[in-house]
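Any value given below was found using the heavy atoms of this structure, including those in side chains, with hydrogens, waters and symmetry copies removed. On a predicted model such as this, the values are computed, not experimentally measured, just so you know.
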Amino acid sequence: MSAIARALDSDLWWSFRRSPVTVVSAVVALVCVLGAVLAPAIAPQNPFDLATLNLSDAFKPPAWDAEAGDAAYLLGTDDQGRDVLSAIMYGARVSLLVGVCAVIFSTLLGVAVGLVAGYLGGAADSVLMRIADIQLTFPSILIALLVDGIVRAALPREVHDQIALFVVIFAIGISAWPQFARTVRSSTLVERNKEYVLAARVIGLSRPHIMLTHVLPNVLGPVLVIATLNLGGAILSEATLSFLGVGVPPTQPSLGTLIRIGNDFLFSGEWWITIFPGLALIAMVLSVNLLGDWLRDALNPRLR
């Protein structure tokens, strides 16, 4: 209870309550996350269970369409008779899973590289940062496409389909680590010359111990902000890859896959098949980005 009381009395909570946009963004993000996590329990239909699909229910418009709408399908159905609302909830599970895992992977890799480069300096710093600089000259989506293409060419199709989710996570994560590495490196360069680090050296602590227990906790603030901002970008990258047909397999469709499927019927009158997944993607990414913007400002001491 004391921890909760301290949290409610903190500057961060005060800043959160004073920002209506942040509160609304948090509510939207929470609804998206809960809808995705609880999809098996609250979704009207399992859209990927073939036994529950009925092709005669295909292309039903949203429920509010007085002529052909069906109350059982609030947002209508797609070309296979799948409930669009259920497909969005299940698709958001994949999008969030890929986005969160990709950000965790890029954060761990970037923080490790940044700590080593900033603390050791010298040749290690030069080599690692030049690698980061070279990668920053390429667009992230291009790197993700390159990684996915290499894996597709190296592995049989059956094997690739089995590990496609992990390939997408790796492809998106490996394209974002330089941002974390450069940020952590610059903070580590400042921290390594402070008194507490010098004292740790004097008493004989090893370099890994000093980096992990003394320097790392003091450079994690900016990393948290970057990770929050990158989450929206990772979800968009996954949606882009899936829209292009090189993301997750059709058996595990994400929001990008749903948008791609609906795009084929957009100009034939079945607009809801692509519009509603697109709106869900916009709401999810926008809410996460707005939360990231607030967190960046709230943790900046110059703006307090």
Side-chain angles (χ1 to χ4, degrees), residues 22 24-49 75 82-110 140-141 144 148 163-177 179-180 223-262 274-295:
T22 304
V24 173
S25 300
V27 172
V28 172
L30 182 62
V31 170
C32 292
V33 172
L34 290 179
V37 173
L38 301 178
I42 65 177
Q45 177 194 72
N46 183 350
F48 311 123
D49 184 2
L75 301 183
R82 298 183 298 188
D83 178 40
V84 172
L85 176 59
S86 301
I88 290 174
M89 297 172 70
Y90 275 85
R93 288 167 61 88
V94 179
S95 296
L96 281 173
L97 175 64
V98 172
V100 171
C101 292
V103 168
I104 292 175
F105 172 67
S106 60
T107 301
L108 293 176
L109 179 59
S140 298
I141 191 65
D148 184 81
I163 64 171
L165 192 65
F166 301 101
V167 173
V168 174
I169 292 173
F170 176 80
I172 296 174
I174 200 68
S175 65
W177 70 267
Q179 303 175 45
F180 295 94
V223 171
L224 178 62
V225 176
I226 297 175
T228 306
L229 292 172
N230 275 13
L231 177 58
I235 295 174
L236 276 181
S237 296
E238 184 281 323
T240 302
L241 292 174
S242 297
F243 184 83
L244 296 174
V246 296
V248 295
T251 55
Q252 297 176 305
S254 66
L255 292 178
T257 308
L258 297 176
I259 295 172
R260 175 172 58 85
I261 294 173
T274 189
I275 293 298
F276 290 130
L279 291 176
L281 180 63
I282 292 173
M284 186 187 303
V285 174
L286 182 60
S287 61
V288 170
N289 285 342
L290 290 176
L291 285 174
D293 289 338
W294 162 76
L295 190 62

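Interatomic distance, L281 CG to S254 OG, rounded to the nearest 0.5 Å: 8.5 Å. Within the model, atoms CG of L290 and CG of L295 stand 12.5 Å from one another, a figure rounded to the nearest 0.5 Å. Rounded to the nearest 0.5 angstrom, I104 CD1 and L231 CG are separated by 9.5 Å. With values rounded to the nearest 0.5 angstrom, L96 atom CG is found 10.5 Å from C101 atom SG. The structure places CG of L75 at 9.5 Å from CG of L279, a figure rounded to the nearest 0.5 Å. A distance of 10.0 Å separates CE in M284 from CG in L236, rounded to the nearest 0.5 Å.
With sequence neighbours excluded, the residues forming a side chain to side chain contact (heavy atoms under 4.5 Å, CB included) with V24 are V28, listed by chain and number. Legend: residues meeting ring pair (Phe, Tyr, Trp, His ring centres under 6.0 Å) with W177, ordered by chain and number and at least two apart, are absent. For L244, the side chain to side chain contact (heavy atoms under 4.5 Å, CB included) criterion is met by L145, T240, V246, not counting sequence neighbours. Considering only residues two or more places apart in sequence or on other chains, A280 meets the side chain to side chain contact (heavy atoms under 4.5 Å, CB included) condition with I88. The side-chain hydrogen bond (donor to acceptor under 3.5 Å, both in side chains) search around S25 returns none, not counting sequence neighbours.
When each of I172, V98, N230 is tested with S237 by the rule side-chain contact (heavy atoms from CB on, under 4.5 Å), just one qualifies, namely I172.
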(request) Test side chain to side chain contact (heavy atoms under 4.5 Å, CB included) on I174 and F105 and set out the steps. (result) CA-CA 8 Å; I174 200 68; F105 172 67; 4.2 Å; yes
(message) Applying side chain to side chain contact (heavy atoms under 4.5 Å, CB included) to Q179 and L229, what does each step give before you reach the verdict?
(response) CA-CA 11 Å; Q179 303 175 45; L229 292 172; over 6 Å; no
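In this structure the side chain of L241 reaches within 4.5 angstrom of the side chain of V168, judged on heavy atoms. For the pair V100/I235, no side-chain contact is recorded, criterion being any heavy-atom separation below 4.5 Å from C-beta on. Residues L291 and T22 have side chains in contact (heavy-atom distance under 4.5 Å, counting atoms from C-beta outward).
Sorted by first and then second residue, the side chain to side chain donor-acceptor pair (under 3.5 Å) pairs with a member in residues 87-107 read S95-E238; sequence neighbours excluded.
The two residues R82 and P253 have their closest heavy-atom pair at NH1-CG, 4.4 Å. The minimum heavy-atom distance linking A234 with A102 is given by the pair CB-CB, 4.5 Å.
Judged by distance alone, with hydrogens and angles left aside, the side-chain atoms of S242 form no donor-acceptor pair with the main-chain N or O of G256 at under 3.5 Å.
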